[in-house]
Amino acid sequence: MTDSPGIVVTGASGRMGQMLIRTIQDSSKARLVGAVEREGHAWIGQDIGAAMGGPETGVTVTDDPLEAFASAQAVIDFTSPAATVAFAGLAAQARAVHVIGTTGMTDEDLARIHVAARHATIIRAGNMSLGVNLLVQLTKQVAAALDEDYDIEIIEAHHNQKVDAPSGTALMLGEAAADGRGVDLGAVSDRGRDGITGKRERGHIGFTAIRGGDIVGEHDVLFAAAGERITLRHVASDRAVFARGALKAALWGLGRKPGEYDMLDVLGLK
Ligand SMILES: NC(=O)C1=CN([C@@H]2O[C@H](COP(=O)(O)OP(=O)(O)OC[C@H]3O[C@@H](n4cnc5c(N)ncnc54)[C@H](O)[C@@H]3O)[C@@H](O)[C@H]2O)C=CC1
Ligand SMILES: O=C(O)C1=N[C@H](C(=O)O)C[C@H](O)C1
């Protein structure tokens, strides 16, 4: 009998890291072979299960990503943009599938991921849940069906520890709306309105970010016209939806040729 694919989780102590570790351990399709944290983190050298307050797993938290990646078929990475760019090069070297959930990346970061994807299978999405990826497709369809009499606004809400705005998901939804309308998001996006902004520009796509408490992740796409409004909404109430999607992506990526993929590829929604 062959072993199930070995997966390394980076950012192992984080909100998503811990959720991913539980999801992999509960799965019969994959096994946890590594847990990576940043240098100097208090969990380095400890068993990941024990550090999380549960039973031992036999996997020790390390700050040496390349050594961890060398024994894995896939890396699941929900960390920070700087860490993710570095991990993309290392995962390519180790020939491991790299699943990227990290958001807040700059164009420069994305260009470096693109270079790594020449030699590696990279699956990246600002949101790994099935529901949001369906919402992306619905947003594109509705935006294509309506003209610019319908103002598009994207409203997102997250917990008070989130460091980037708009969320990766909001940007995915904005891209989908712009795509549906056949326009370039960069040319029409309104972000961070404040002060005497002037009237709303016809055809623009607006973004609003709410931060508070322990909100897991909520996204509304509002199409507002004179006399009617349509709202498409997704509410995530459990981070498990992102972790399950990420694990699905890692398994889907095994044996795929190098390149950049997203969750629409994984879910067959393109
Ligand atoms: N695509 C998706 O479906 C989702 C994406 N996210 C994104 O995932 C990222 C992480 O989110 P959270 O888990 O909430 O954050 P968090 O702050 O709880 O966890 C991040 C972890 O990464 C670790 N880390 C940072 N630099 C590192 C390095 N160089 N090496 C190893 N570990 C390193 C930190 O120590 C921390 O434990 C964010 O960008 C967030 O927006 C979060 C949820 C879903
Ligand atoms: O930071 C988070 O928590 C989340 N980040 C992702 C994003 O930026 O859209 C996905 C999800 O909404 C949770």
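Order of listing sets the numbers, starting from 1, for every ligand and every atom in it. It should be emphasised that the depicted structure is a prediction, and the values quoted were computed from it without experimental measurement.
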Task: Min heavy-atom dist T102 to ligand 1 below 4.0 Å - done: yes
TODO: Check ligand 1 against G14 and write out every atom of the ligand that is under 4.0 Å from a heavy-atom position of the residue.
DONE: 18 (O), 19 (O), 37 (O)
Open item on the list: Could you work out, for atom 26 (N) of ligand 1, the closest of A83, A243, A246 by heavy-atom distance?
Closed with: A83
Open item on the list: If the condition is side chain to side chain donor-acceptor pair (under 3.5 Å), which residues does T84 pass it with, not counting sequence neighbours?
Closed with: D77, T79, T102
Open item on the list: Can you name the atoms of ligand 1, numbered from 1 with element, that are less than 4.0 Å from a heavy atom of A125?
Closed with: 1 (N)
- [ ] If you have a sec, work out which protein heavy atom is nearest atom 20 (C) of ligand 1 and how many Å separate them, to one decimal?
- [x] F78 O, 3.9 Å
Open item on the list: Looking only at protein heavy atoms, which one is nearest to atom 21 (C) of ligand 1, and what is the separation?
Closed with: G11 CA, 3.8 Å
Open item on the list: Could you identify the single nearest non-hydrogen protein atom to atom 18 (O) of ligand 1 and state the distance to 0.1 Å?
Closed with: R15 N, 2.9 Å
TODO: Give the single entry among M128, K162, E37, R239 that approaches atom 34 (C) of ligand 1 most closely by any heavy atom.
DONE: E37
Open item on the list: Is E39 close enough to touch ligand 1? Criterion: a residue heavy atom under 4.0 Å from a ligand atom.
Closed with: no
- [ ] With sequence neighbours excluded, give me every side-chain hydrogen bond (donor to acceptor under 3.5 Å, both in side chains) pair touching residues 25-40.
- [x] S13-E37
Task: Proximity flag G168 to ligand 1, non-hydrogen atoms under 4.0 Å - done: no
Open item on the list: Taking CZ in R22 as the centre, count heavy atoms belonging to other residues, nucleotides or ligands within less than 6.0 Å. Is the count above 12?
Closed with: yes
Open item on the list: Less than 3.5 Å apart, any donor N or O on the side chain of T60 or D47 sitting next to an acceptor on the other?
Closed with: no
Task: atom 9 (C) of ligand 1 [closest protein heavy-atom partner, distance rounded to 0.1 Å] - done: T79 O, 3.5 Å
Task: Donor-acceptor pair between D214 and H159 side chains, under 3.5 angstrom - done: no
TODO: Pick, from F242, F87, W43, the option with the minimum heavy-atom distance to atom 44 (C) of ligand 1.
DONE: F242
Open item on the list: Out of G101, S13, A249, A236, who is nearest to atom 7 (C) of ligand 1 when you count heavy atoms only?
Closed with: G101
- [ ] Name the closest protein heavy atom to atom 32 (N) of ligand 1, giving the residue it belongs to and the distance to 0.1 Å.
- [x] R38 N, 3.3 Å
TODO: Would you mind checking which non-hydrogen protein atom is closest to atom 43 (C) of ligand 1, with the distance to 0.1 Å?
DONE: M16 CG, 3.5 Å
Task: Heavy-atom nearest neighbour of atom 39 (O) of ligand 1 within options V132, T84, T103 - done: T103
Pairs under 3.5 angstrom only: tabulate donor-acceptor contacts from the side chains of residues 239-253 to other protein residues two or more places apart or in another chain.
none

Task: Set of residues that line ligand 2, where lining means a heavy atom lies under 4.0 Å from it - done: T103, G126, N127, H158, H159, K162, S167, G168, T169, V216, H219, F242
